[in-house]
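Just so we're clear, the structure is a prediction, and the values are computed from it rather than from any experiment. The residues of the chain are indexed from 1 along the displayed sequence. For ligands, and for the atoms within them, numbers begin at 1 and follow the listed sequence.
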Amino acid sequence: MFVERTNKILQLFIPAIWNIKDGTRSIYLTFDDGPCPEVTPKVLDILDKYNIKATFFCVGDNVRRHPQIFDLLIKNGHRVGNHTMHHIKGFNTSCNEYLRDVEEAGTVIDSNLFRPPYGRITLRQLKELKKRYKVIMWDVITRDYNPRLKPDKCLSIVKKFSKPGSIIIFHDSQKSAANMLTALPMAIEWLIKEGYTFKTIE
Ligand SMILES: [Zn+2]
């Protein structure tokens, strides 16, 4: 439960978008770290099956290496966001260097949305980026990247923490694929049963 609790504390200190409450039962699925040729097409198949559009926070370097997979995201009507060029941690990087990396990613990802890798960003970096980007965090982290967790646990996190307006993180990566590809359809089925409508972050 440590990650979930930490998230509550981070929400107090990082002035960014953690959920989107608008009085409707909307939910926002987000996928970080792609595009990935082994995984992204499978995610797209699952989303297509339920006719759901989602938001993908892409790593610029992955977009550069797999432009055709990135184009597939756009062609399928999903929204994309900037997740830096090299998936760097803001805490370990000077403000200028961080902004340069985001800017470099911006040359291959046309978007006004940004999500900091690991959620690690300094207040100064955040302030600068907010001049050009909506900075999107999350309030439900499935921890699909953790090999010690089973897909059932990812699902139970979704069930426990999702509420109207929640932004849920999955990872579009090989490391997370075993958990994510199993947990995602189960989570979608549960969210549909709970009356949620899926939206992209605008
Ligand atoms: Zn990431």
Backbone or side-chain N/O/S of H87 under 2.8 Å of the Zn ion (ligand 1)
yes
Taking the Zn ion (ligand 1) as the reference point, name the nearest N/O/S atom of D33.
OD1
Counting neighbours of NZ on K150 that are heavy atoms of other residues, nucleotides or ligands and sit closer than 6.0 Å, is the number greater than 12?
no
Within a radius of less than 6.0 Å around CG of D45, do more than 12 heavy atoms belonging to other residues, nucleotides or ligands occur?
yes
Got a sec: does the NZ of K53 have more than 12 other heavy atoms crowding it under 6.0 Å?
yes
For R65, does the CZ atom sit with more than 12 other heavy atoms under 6.0 Å from it, leaving out its own atoms?
yes
The Zn ion (ligand 1) - closest N/O/S atom in H83
NE2
